[in-house]
Student: 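Below is a structure I'd like to ask you about.
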2 protein chains.
Amino acid sequence: MSSASKASTAPSSQALPRSRFEMVEVTARLCQRLGMPKSTGQIYGLLFLSVHPLSLEEIAEALGLSKASASTGTRHLIGWHAIRQVWKPGDRKDYYEVQADLGDVLRANYLGFFKPKLDAASRKLVVLQELLDADLQSGAIQNEEHTVGRERLQSIARMHSRIQKVLPFAEKLL
Amino acid sequence: MSSASKASTAPSSQALPRSRFEMVEVTARLCQRLGMPKSTGQIYGLLFLSVHPLSLEEIAEALGLSKASASTGTRHLIGWHAIRQVWKPGDRKDYYEVQADLGDVLRANYLGFFKPKLDAASRKLVVLQELLDADLQSGAIQNEEHTVGRERLQSIARMHSRIQKVLPFAEKLL
DNA sequence: CAGTTCGTTCAATTTGCACTGAACAGATAG
DNA sequence: CTATCTGTTCAGTGCAAATTGAACGAACTG
């Protein structure tokens, strides 16, 4: 336990330096814009400018979050390979620090998240083509609708394959 | 008014073909994952497999939405250059159709949305560096924190410039 | 000039999701 | 074994964003 213990819901008992505070805000907004919880972004920003790994409770207190939020947030970030857990010998707490190499983060997310989505999209595209054919067979759509639909789905497919051609390049360069 | 008029909140008085219905679901989920309103995605999916441009009311009725939602949704999509308005001579209604070339859509959004964000991020990075220096001056942070912070911010800057090098390439290829 | 037919805007409601406090489970120490 | 310290899970709460109905304004029509 620390000596000072007055703040309850306040951001922290000891305010963050402005650079740290601003960083937390930036990453929070970024996360929010990406459709992710704001608190998760705050955690990343806090850890990003932290010299030492921080424990769950330190994170929660510094940001004025509950332990629960800190726990879910850190696990999200770990899932995206943005931070990682570290342990100190003789200490049962979990500590967290940012993954230093941003290139690794992007690569890992490409391989573990984006790439699978692309493949799934590819399969879905095939399914849609089949549904379109089936609708033609059953008379649910006319010939013209079938033709136009097929054409548009193929334009997605072309774009899709072009993206798959480009991404591995980008992956290497980052 | 059409002849049949039983459905009130039902998706539509006449069910969509399966291919169309599935397409609407796919784009709806995609939009939602990107943090955009689901209804906007539905509209895009509907228009994507539509042979003719559709009016606001047709969209609203086919998807079981209010005219209000259809109106805001279409204007969002227009803002992203995903669809466009067309008019039929002697008809006061607005009609909407998908922008055929997906490459154009991506390029337009890169130039009008993503690129400016990247530039803003670049400026923000400079501000953060300055704040970090100021915190060192004022004694808010130690020398070590300043060094580590500077290093990490620079790693973002490097990644940032690499991305800016790669993106124009990708832009051409799509 | 009324009377329609459009699209948009706005207040009010609903929906969905982040966040929380409390209960829980696992591990360690005494 | 009991007691304590850790992180996680879960039902409940609150808030922000989406959606809607109704009012509005603009553009035609007769």
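Numbers restart at 1 for each chain; the letters A, B, ... are given by sequence-line order, proteins then strands. Every heavy atom of this structure was used, including side-chain atoms; hydrogens, water molecules and symmetry mates were not.
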Student: Applying side-chain hydrogen bond (donor to acceptor under 3.5 Å, both in side chains), name anything that partners S69(B), two or more places apart in sequence or on another chain.
Tutor: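 S69(B): side-chain hydrogen bond (donor to acceptor under 3.5 Å, both in side chains) contacts with S66(B).
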Student: Rounded to whole angstroms, how far apart are CD on Q42(B) and C1' on dT20(D)?
Tutor: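 Answer to the nearest Å: 14 Å.
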Student: By side chain to side chain contact (heavy atoms under 4.5 Å, CB included), which residues pair with Y110(A), not counting sequence neighbours?
Tutor: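 In terms of side chain to side chain contact (heavy atoms under 4.5 Å, CB included), with neighbours along the sequence ignored, Y110(A) is linked to F114(A), K115(A), L167(A), P168(A), E171(A).
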Student: With sequence neighbours left out, what residues match R123(A) under side chain to side chain contact (heavy atoms under 4.5 Å, CB included)?
Tutor: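 For R123(A), the residues satisfying side chain to side chain contact (heavy atoms under 4.5 Å, CB included) (neighbours in sequence not counted) are D119(A), A120(A).
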Student: It should be established whether S66(B) places a side-chain nitrogen or oxygen under 4.0 Å from OP1 or OP2 of nucleotide dT20(D).
Tutor: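 Checking S66(B) against dT20(D): at least one side-chain N or O falls below 4.0 Å of OP1 or OP2.
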Student: Do side-chain atoms of D135(A) reach the backbone of R18(B) as a donor and acceptor pair under 3.5 angstrom?
Tutor: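 Here the side-chain-to-backbone pair exists.
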Student: Please list, chain by chain and in numerical order, all residues satisfying side-chain hydrogen bond (donor to acceptor under 3.5 Å, both in side chains) with D94(A), sequence neighbours excluded.
Tutor: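 By the side-chain hydrogen bond (donor to acceptor under 3.5 Å, both in side chains) rule, D94(A) matches Q85(A), W87(A).
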Student: Just how far, in rounded Å, is P of dT4(C) from NZ of K93(B)?
Tutor: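 Taking atom P of dT4(C) as the reference, NZ of K93(B) is at 17 Å.
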Student: Rounded off to whole Å, could you give me the CG-to-C1' distance for the L63(B) and dA18(D) pair?
Tutor: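 Roughly 15 Å, once rounded to whole Å.
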Student: Round to the nearest Å and state the distance from E58(A) atom CD to dC5(D) atom P.
Tutor: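 In whole Å, dC5(D) P lies 16 Å from E58(A) CD.
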Student: Above 12 or not: heavy atoms from other molecules or residues under 6.0 Å from NE2 of H146(B)?
Tutor: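 Count over threshold, so yes.
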Student: Partners of N143(A) by side-chain hydrogen bond (donor to acceptor under 3.5 Å, both in side chains), sequence neighbours excluded?
Tutor: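 For N143(A), no residue satisfies side-chain hydrogen bond (donor to acceptor under 3.5 Å, both in side chains) once neighbours in sequence are set aside.
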Student: Suppose we screen for side chain to side chain contact (heavy atoms under 4.5 Å, CB included). Which residues come up paired with K93(A), at least two apart in sequence or across chains?
Tutor: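 For K93(A), the residues satisfying side chain to side chain contact (heavy atoms under 4.5 Å, CB included) (neighbours in sequence not counted) are S55(A), D91(A), Y95(A).
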Student: Give, ordered by number, those residues of residues 28-40 of chain B having at least one heavy-atom distance below 4.0 Å to an atom of DNA chain C; if nothing qualifies, reply none.
Tutor: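 None - not one residue of the stretch has a heavy atom sitting under 4.0 Å from the strand.
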Student: My understanding is that only residues two or more places apart in sequence, or in another chain, count here; which of them pass side-chain hydrogen bond (donor to acceptor under 3.5 Å, both in side chains) with K117(A)?
Tutor: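 Result, side-chain hydrogen bond (donor to acceptor under 3.5 Å, both in side chains) vs K117(A): none returned.
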Student: Just how far, in rounded Å, is C1' of dG7(C) from CD1 of I59(B)?
Tutor: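 To the nearest whole Å, that distance equals 12 Å.
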Student: So, OP1 or OP2 of dG7(C): does either fall under 4.0 Å of a side-chain N or O from S71(B)?
Tutor: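 No, S71(B) has no side-chain N/O under 4.0 Å of OP1/OP2 on dG7(C).
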Student: Pick out the pairs of N or O atoms, protein on one side and nucleotides 22-30 of chain D on the other, that lie under 3.5 Å.
Tutor:
{"residue": "dA27(D)", "atom": "N3", "partner": "R92(B)", "partner atom": "NH2", "Å": "3.3"}

Student: Over how many whole Å does the gap from D91(B) atom CG to dT5(C) atom P extend?
Tutor: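 It works out to 13 Å between those atoms.
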Student: Check the distance between dG7(C)'s C1' and L65(B)'s CG and give it to me in whole angstrom.
Tutor: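 Atom-to-atom, L65(B) to dG7(C), this comes out as 16 Å.
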Student: Round to the nearest Å and state the distance from R75(B) atom CZ to dT19(D) atom C1'.
Tutor: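 Going from CZ in R75(B) over to C1' in dT19(D) covers 14 Å.
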